[in-house]
Student: 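Sharing a structure below in structure tokens format, with a few things to ask.
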Amino acid sequence: MPQTGHPDIPTPRDAAREGASAEGPDHAAPSTGSAPAASASAAPTRLEGIPAAPGAAVGPVARMSAPPTLPETRPASAGAEAEADRARQALERVAEQFDARAEGLEEEAAAVLGALALMARDPELARRTAERTGQGDPAAWAVHAACGAYQELLLAAGGYLAERAADLADIRDRAVAHLLGLPMPGLPDPGRPHVLVADDLAPADTVQLDTEQVLAVVTLHGGPTSHTVILARSLGIPAVVGCRGADGLVDGTQVAVDGDTGRVDVDPDEERSASILLRARRRGELLAGSVGPGRTADRAPVALLLNVGEGDPDEAGAHDSEGVGLLRTEFLFLERSEPPTVAEQTAVYARLFRAFDGRTVTVRTLDAGSDKPLAFAGTGPEDNPALGRRGFRTARVHPELLTDQLAAIRAAADGSGARVRVMAPMVSTPAEASEFVALAREAGITEAGVMIEVPGAALLADRLLPRVDFVSIGTNDLAQYTMAADRTLGTMPDLLDPWQPALLELVGTVGGAGERSGRAVGVCGEAAADPLLAVVLVGLGATSLSMAAPALPAVRHALAHHTKAECRSLAGLALAAATAAEAREAVRAAASPDVADL
């Protein structure tokens with residue numbers, strides 16, 4: 001995969017954008033997948049979606065290929081054992097393909113594909129498939145049925161498991177294609193730069209996007225905080241999701257995609273195309289010199305930090321950031337039959353801490369439980385795991401997982417040179433916050449905070465913050481719990497828009513409590529990566545922002561063009577708006593032109 005970077009810092013891709021625009025739809029490559037019956041001329045001239053990743057591009061549409069379908073005529077089974085063996089081999093082939101593609105990828109991308117490989121090898125999936133072959137199903141039909149039944153269970157569970165259901169569909173389609181000798185489903189390859197259009201994107205497809213060929217992404221479904229969007233943003237690819245009418249776009253249709261406004265123009269005229277491309281070049285020129293610590297125009301400090309997961313610590317440490325605002329630690333625990341030892345954890349943490357010598361590293365303790373099941377730490381049956389024992393609540397059942405992790409973090413911090421902090425996820429009450437801080441202090445960790453992801457914690461922020469050293473707002477989860485909309489399903493993306501005034505009200509409640517108590521308030525959800533929204537978050541009281549590396553230059557630039565007072569004024573406009581769209585447009589209209597026109 002090509003090296004990734006910010007979407008609009010000048011790269012060879014800028015030339016690809018211009019070339020795609022100049023050639024126009026008449027020169028588009030042949031279709032690489034099944035297109036809807038609608039024609040390009042029948043499509044509306046403008047589509048509206050949810051802005052998901054910043055940047056803009058112009059180019060021809062290339063649609064995702066359709067998933068394989070089972071033939072109407074079912075062949076005779078070669079016998080239960082033989083068909084089960086064929087199914088197992090197909091699933092293993094899929095797992096091997098994921099493993100191969102994970103090699104050389106960075107951060108979350110490798111972790112996503114590694115998790116998919118483990119899912120394809122899941123013994124429970126193999127058992128369900130064998131049950132179907134035992135009932136006379138040929139291998140392809142058995143895999144299709146077993147995955148479908150397993151999907152229903154995951155969707156019913158909600159939360160993290162619901163998102164894994166989408167991954168399972170991808171595994172199913174790949175295995176069925178292998179068994180039937182059909183082309184593997186996935187990304188189109190028209191041989192030229194293009195705008196990728198799909199009903200939705202599986203994470204396994206997203207991490208394989210060629211940033212020299214894929215100019216932008218437009219999806220019919222999906223929400224702005226889904227894992228797929230997070231990965232696209234980390235690759236620096238402009239994206240619009242939840243775009244009504246995207247299913248009417250056919251291969252070769254020229255479109256202009258604006259990932260900042262959610263606007264997709266169909267068959268744009270030369271003026272619109274030129275405007276989009278000029279904006280992209282201007283953005284690159286503005287951001288090329290955006291380096292150093294985060295500051296507002298009147299020099300108020302706003303720490304700009306990274307969200308980090310599994311990957312090469314040295315590569316993460318090489319980015320121009322002030323440290324880590326969110327170190328996800330789940331990759332050490334998930335998909336294991338027993339917990340990692342204190343020594344194993346210490347070794348992993350120590351390497352990352354050393355990579356951030358002299359900077360801050362904020363470690364989120366294990367965010368797992370009923371919705372991220374651990375084979376070695378059952379929490380009992382729950383009707384709604386998304387609201388069950390997850391995050392800090394897991395310690396109620398398995399306290400040793402947390403105490404061992406804290407001991408490993410403390411040991412790894414010694415001599416690392418980093419300023420190491422810990423924070424607990426899914427804390428709901430001031431009492432829980434006090435409990436976690438006491439455990440951290442007992443382990444010898446001097447700075448301890450909590451994540452604000454539950455409305456109850458935000459509403460009682462004035463009582464909670466004096467009990468901790470800092471808090472960090474996870475806007476992705478806070479949005480879904482505030483709006484009662486599961487962020488993993490993508491069926492109501494407008495409710496999960498981080499510009500929702502209700503969500504911003506809660507952020508402001510926490511920010512105000514931070515100012516009154518003298519405590520630091522960070523934001524580590526995807527909202528922090530939106531440069532225009534970052535200015536609003538600072539106006540609401542955020543003192544640090546944590547994001548994927550490609551978002552750093554634009555956020556740094558946006559802050560540098562607004563004083564702290566201007567940030568507060570823009571935050572007031574967002575809070576006064578009736579809808580997320582109105583909030584975004586009100587702030588864009590009043591913001592500095594050097595930021596609003598990025």
Side-chain angles (χ1 to χ4, degrees), residues 5-9 54 260 282-308 316-326 356-362 418-419 421 447 449 469-473 475 498 504 507-508 510-512 514-515 518-574 587-588 590-598:
H6 193 276
D8 296 305
I9 290 179
D260 294 282
R282 181 172 180 271
R283 182 185 177 101
E285 293 168 359
L286 285 172
L287 299 184
S290 178
V291 296
R295 297 284 187 273
T296 61
D298 52 348
R299 308 300 294 170
V302 181
L304 298 183
L305 309 169
L306 290 173
N307 292 341
V308 174
H319 291 296
D320 183 18
S321 75
E322 294 166 70
V324 176
L326 170 63
F356 284 88
D357 182 14
R359 290 179 282 178
T360 299
V361 178
T362 309
R419 173 193 173 192
R421 312 187 300 176
E447 286 190 76
D469 297 311
F470 68 95
V471 297
S472 186
I473 303 172
T475 52
L504 297 180
V507 173
V510 178
E515 292 175 348
R519 299 295 193 272
V521 175
V523 176
C524 61
E526 281 303 295
D530 179 337
L532 200 61
L533 185 51
V535 174
V536 170
L537 296 173
V538 170
L540 293 172
T543 57
S544 69
L545 301 169
S546 189
M547 64 205 74
L552 287 169
V555 171
R556 186 184 289 115
H557 174 86
L559 294 176
H561 283 77
H562 295 90
T563 65
K564 192 69 178 290
E566 288 169 343
C567 291
R568 290 194 180 98
S569 176
L570 293 173
L573 293 176
V587 172
R588 188 181 301 280
S592 164
D594 283 329
V595 175
D597 294 336
L598 280 180

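Along the sequence shown, residues carry numbers from 1.
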Student: Could you tell me the separation between the CG atom of Asp594 and the NE2 atom of His562, rounded to the nearest 0.5 Å?
Tutor: 9.0 Å

Student: Go through the structure and list residues passing salt bridge (Lys or Arg N to Asp or Glu O under 4.0 Å) with Arg419, not counting sequence neighbours.
Tutor: Glu447

Student: With a 4.5 Å limit on heavy-atom distance, are the side chains of Pro498 and Glu526 in contact?
Tutor: no

Student: If you round to the nearest 0.5 Å, how far is CZ of Arg588 from CG of Leu532?
Tutor: 5.5 Å

Student: For Phe356 and Leu306, run side chain to side chain contact (heavy atoms under 4.5 Å, CB included): C-alpha distance rounded to whole Å, both residues' side-chain angles, the deciding distance at 0.1 Å, then the answer.
Tutor: CA-CA 11 Å; Phe356 284 88; Leu306 290 173; 4.2 Å; yes

Student: Rounded to the nearest 0.5 Å, how far does CZ of Arg421 lie from OG1 of Thr360?
Tutor: 6.0 Å

Student: What is the minimum heavy-atom distance between Leu545 and Ala534, and which atoms define it?
Tutor: CD1-CB, 3.6 Å

Student: Go through Glu322 and Val302 one step at a time and tell me if the side chain to side chain contact (heavy atoms under 4.5 Å, CB included) criterion holds.
Tutor: CA-CA 10 Å; Glu322 294 166 70; Val302 181; over 6 Å; no

Student: How close do Gly325 and Leu305 get, counting heavy atoms only, and between which atoms?
Tutor: N-CB, 3.4 Å

Student: Is it the case that the side chain of Arg359 and the backbone of Ser321 share a donor-acceptor pair, with hydrogens and angles ignored and the cut-off at 3.5 Å?
Tutor: yes

Student: Please test Val308 against Leu326 for side chain to side chain contact (heavy atoms under 4.5 Å, CB included), starting from the C-alpha separation and ending with a verdict.
Tutor: CA-CA 6 Å; Val308 174; Leu326 170 63; over 6 Å; no

Student: If I compare all heavy atoms of Asp298 with all of Thr563, which pair ends up nearest, and what's the gap?
Tutor: OD1-CA, 3.5 Å

Student: Output all residues satisfying salt bridge (Lys or Arg N to Asp or Glu O under 4.0 Å) with Arg556, sequence neighbours left out; order by chain, then residue number.
Tutor: Asp320

Student: If you look at every heavy atom in Leu570 and Ala591, which pair is closest and at what distance?
Tutor: CD2-N, 4.0 Å

Student: Rounded to the nearest 0.5 Å, what separation is found between the CD1 atom of Ile473 and the SG atom of Cys524?
Tutor: 9.0 Å

Student: Looking only at non-hydrogen atoms, find the nearest pair between Leu287 and Ala554 and report the distance.
Tutor: CD2-CA, 3.7 Å

Student: Identify the heavy atoms of Asn307 and Ser546 that sit nearest to each other, and give their distance.
Tutor: OD1-OG, 2.6 Å

Student: Between atom OG1 of Thr475 and atom CG of Leu533, what is the distance when rounded to the nearest 0.5 Å?
Tutor: 8.0 Å

Student: I would like to know whether Thr543 and Arg519 meet side chain to side chain contact (heavy atoms under 4.5 Å, CB included); could you show each step before the answer?
Tutor: CA-CA 9 Å; Thr543 57; Arg519 299 295 193 272; over 6 Å; no

Student: Could you tell me the separation between the OG atom of Ser592 and the NE2 atom of His557, rounded to the nearest 0.5 Å?
Tutor: 6.5 Å

